[in-house]
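Just so it is clear, the values below take in all heavy atoms, side chains as well, and ignore hydrogens, waters and symmetry mates. Keep in mind the model is a prediction, meaning the values are calculated, not measured.
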Amino acid sequence: MTNRYAVILAAGQGTRMKSKLYKVLHPVMGRPMVQHVIDQIKTVELDKLVTIVGFGAEKVAEYIGKDSELVIQEEQLGTGHAVLQAEDLLRDKEGTTIVVCGDTPLITSETYQALFNHHEQTGAKATILTADASDPTGYGRVIRNDRNEVERIVEHKDASEKELSVTEINTGTYCFDNKALFQALQHVSNNNSQGEYYLPDVIEILRKQSEKVTAFLTPVFEETLGVNDRVALAQAEKVMKKRVNEKHMRNGVSIIDPDNTYIQPDVVIEQDAIIHPGCVIKGSTIIKTDAEIGPHSEINNCEIGESTVIKQSVATDSKIGSRVNIGPFAHIRPASEIGDEAKIGNFVEIKKTKLDNQSKVSHLSYIGDAEVGSNVNIGCGTITVNYDGKNKYLTTIEDDAFIGCNSNLIAPVTIGKGSYVAAGSTITKDVPGDSLSIARARQTNKEGYASRIKNRQKD
């Protein structure tokens, strides 16, 4: 098999993005654009991957880590000059080198594989990835000869009327014979209005040397979209979202309104799950079969068990069991673990808490830094008072306990197995098992006192 190499061009500042963030780090579906490129192109079993960086090189290195070797282009002098920065790593190697832009996050691994195969099977020295554009305005046109080989690439501003009628456009992605590429780059000139060295000039140089140059026409134009501004970024987001949602639906997931459902690429959803409109599902979330999410829920880095229902709620960095009911308007904060058949009702906040099987926190409660056993009922308005202004403390509620409404559990404190806490209590000491704890002032009624208050107000 032919050796394969890749060069990703990611050195441009991206001034049209109008952003402090380095261009190729702008996210599409929660992942930097350049990471999408790396993830897809690595599937073709490369022998070496080199990313050319310039502005923000340190930030890029933080994101892509060991996925690619990095080479810095100190001065941005054009795409040809950028590729030359990889010369020390690739110059003398036999094989095929693909050059792709770091701002093209939509090109799939299948397209990269097909481009490599076409290039190697035709024996070409260069192959251009092209696309058929319904509106090719602004794109370089690919002009073929009678043998269907590429004759030249003509920029829009330089094209004749006949050439302007061509709809096959240059996408900016190429395969080259590696040695031919670096030899031709030695002859690329910067004799142009921008004073830059352009990679497409390699095509003309190879043609003048009577080398074979071909084009591979990708059937899906939208794959080749380059992101140069916020408008194109939104377009890429839309395409990627549609692609991800369709994958899940074809795998047996019901997405009620795909246009209004946002699911990031790393999310795993099993068949027969139902995703309602307005949901945002992110990170490494796993949703098991028959679960029902939404509408308008946000899930991030969670594992959600079978047949669990989450309505209009937020859950982050937590594990949620099977047949659980959450919401509406609940908030599951990080490091929480919810057992099977539990219930977390409306306006309940759970934080760094283990809530065991069949326990219930039905409404209007805050349960933080707690360990709650099984079959526990926590009444409306209950708060685990976990913070003294300096430290956080643990509340433990053992199996079968019953916490009355409007209770304050001042941590650190333990409510024993099977115990009851009377409504309105403020608990500051441990409650033994099988006990009733009442911690509130005795009620006093002063008859007729209300009239005295009203008369005083009139005076």
Side-chain angles (χ1 to χ4, degrees), residues 297 309-316 318 320-321 324-339 341-450 453-454:
S297 291
V309 177
I310 301 177
K311 296 180 178 179
Q312 289 107 348
S313 295
V314 176
T316 304
S318 294
I320 299 168
V324 176
N325 279 283
I326 296 177
F329 313 117
H331 188 183
I332 312 300
R333 289 172 57 191
S336 294
E337 186 174 342
I338 312 302
E341 299 177 3
K343 180 181 179 182
I344 298 171
N346 47 308
F347 302 104
V348 171
E349 182 176 354
I350 304 288
K351 173 253 176 183
K352 200 176 181 181
T353 289
K354 181 177 181 181
L355 186 77
D356 215 336
N357 300 339
Q358 298 178 317
S359 288
K360 300 176 182 179
V361 191
S362 294
H363 31 231
L364 297 164
S365 295
Y366 170 73
I367 309 298
D369 296 282
E371 291 183 0
V372 181
S374 61
N375 197 36
V376 170
N377 187 88
I378 297 178
C380 176
T382 296
I383 296 173
T384 58
V385 185
N386 57 338
Y387 184 49
D388 66 0
K390 184 177 180 180
N391 298 305
K392 298 285 181 73
Y393 297 97
L394 179 70
T395 297
T396 302
I397 305 174
E398 295 181 350
D399 297 349
D400 303 314
F402 184 98
I403 311 299
C405 294
N406 229 30
S407 295
N408 296 308
L409 309 181
I410 312 299
V413 70
T414 297
I415 310 301
K417 184 176 181 180
S419 290
Y420 278 66
V421 171
S425 294
T426 296
I427 304 299
T428 60
K429 298 179 180 179
D430 290 351
V431 177
D434 195 30
S435 300
L436 169 63
S437 183
I438 305 171
R440 61 192 184 208
R442 185 179 297 275
Q443 181 174 327
T444 301
N445 296 329
K446 295 186 177 182
E447 296 183 12
Y449 200 80
I453 295 172
K454 292 175 184 175

Name each donor-acceptor pair under 3.5 Å that joins a side chain in residues 425-433 to protein atoms two or more places apart or in another chain, with its distance.
| unit_1 | atom_1 | unit_2 | atom_2 | d |
| --- | --- | --- | --- | --- |
| Ser425 | OG | Ala422 | O | 2.8 |
| Ser425 | OG | Ala439 | N | 3.1 |
| Thr426 | OG1 | Asn408 | ND2 | 3.4 |
| Asp430 | OD1 | Thr414 | N | 2.9 |

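- A donor-acceptor pair is defined here as one N or O able to donate and one able to accept, closer than 3.5 Å; no such pair exists between the side chain of Thr316 and the backbone of Arg333.
- Asn445 and Gln443 make their closest contact through OD1-NE2, 3.1 Å (heavy atoms, listed as atom of the first residue, atom of the second, distance).
- Applying the ring-ring contact (aromatic ring centres under 6.0 Å, His included) rule to pairs touching residues 400-435 yields Phe402-Tyr420, sequence neighbours excluded.
- Asp369 pairs with exactly one of Thr353, Thr395, Asn386 by the side-chain hydrogen bond (donor to acceptor under 3.5 Å, both in side chains) rule, that one being Asn386.
- For the pair Ser318 (side chain) and Glu337 (backbone), a donor-acceptor distance under 3.5 Å is absent.
- The line from CG of Leu355 to CD1 of Ile338 is 5.0 Å long, rounded to the nearest 0.5 Å.
- Nearest heavy atoms, Ala423 versus Ser407: CA-OG, 4.4 Å.
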Which donor-acceptor pairs under 3.5 Å do side chains of residues 370-379 form with protein atoms, sequence neighbours excluded?
| unit_1 | atom_1 | unit_2 | atom_2 | d |
| --- | --- | --- | --- | --- |
| Ser374 | OG | Asp399 | OD1 | 3.4 |
| Asn375 | ND2 | Asp400 | OD1 | 3.0 |

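- Two residues are said to be in side-chain contact when any heavy atoms from C-beta on lie closer than 4.5 Å; Pro412 and Leu394 fail this criterion.
- Here the side chains of Val421 and Thr382 are not in contact, with every heavy-atom distance at 4.5 Å or above.
- A distance-only check finds a donor-acceptor pair linking the side chain of Ser336 to the backbone of Lys352 [under 3.5 Å].
- Annotation: side chain of Ile332 is not in contact with side chain of Ile310 (no heavy-atom distance under 4.5 Å).
- Taking CD of Gln358 as the reference point, atom CD of Glu341 lies at 5.0 Å (rounded to 0.5 Å).
- Under the 4.5 Å side-chain criterion, counting only non-hydrogen atoms from C-beta, Ile403 is in contact with Ile415.
- Contact between Ser313 and Ala330 at its shortest, heavy atoms only, is OG-N, 3.0 Å.
- Among residues two or more places apart in sequence or in another chain, the salt bridge (charged side-chain N to carboxylate O under 4.0 Å, His left out) test is passed with Arg440 by none.
- Between Asn391 and Asp388, the shortest heavy-atom distance links the atoms N-OD1, 2.7 Å.
- Applying the ring-ring contact (aromatic ring centres under 6.0 Å, His included) definition to pairs two or more places apart or across chains, those involving residues 343-370 are Phe329-Phe347.
- The side-chain hydrogen bond (donor to acceptor under 3.5 Å, both in side chains) test applied to Glu447 returns no partner, not counting sequence neighbours.
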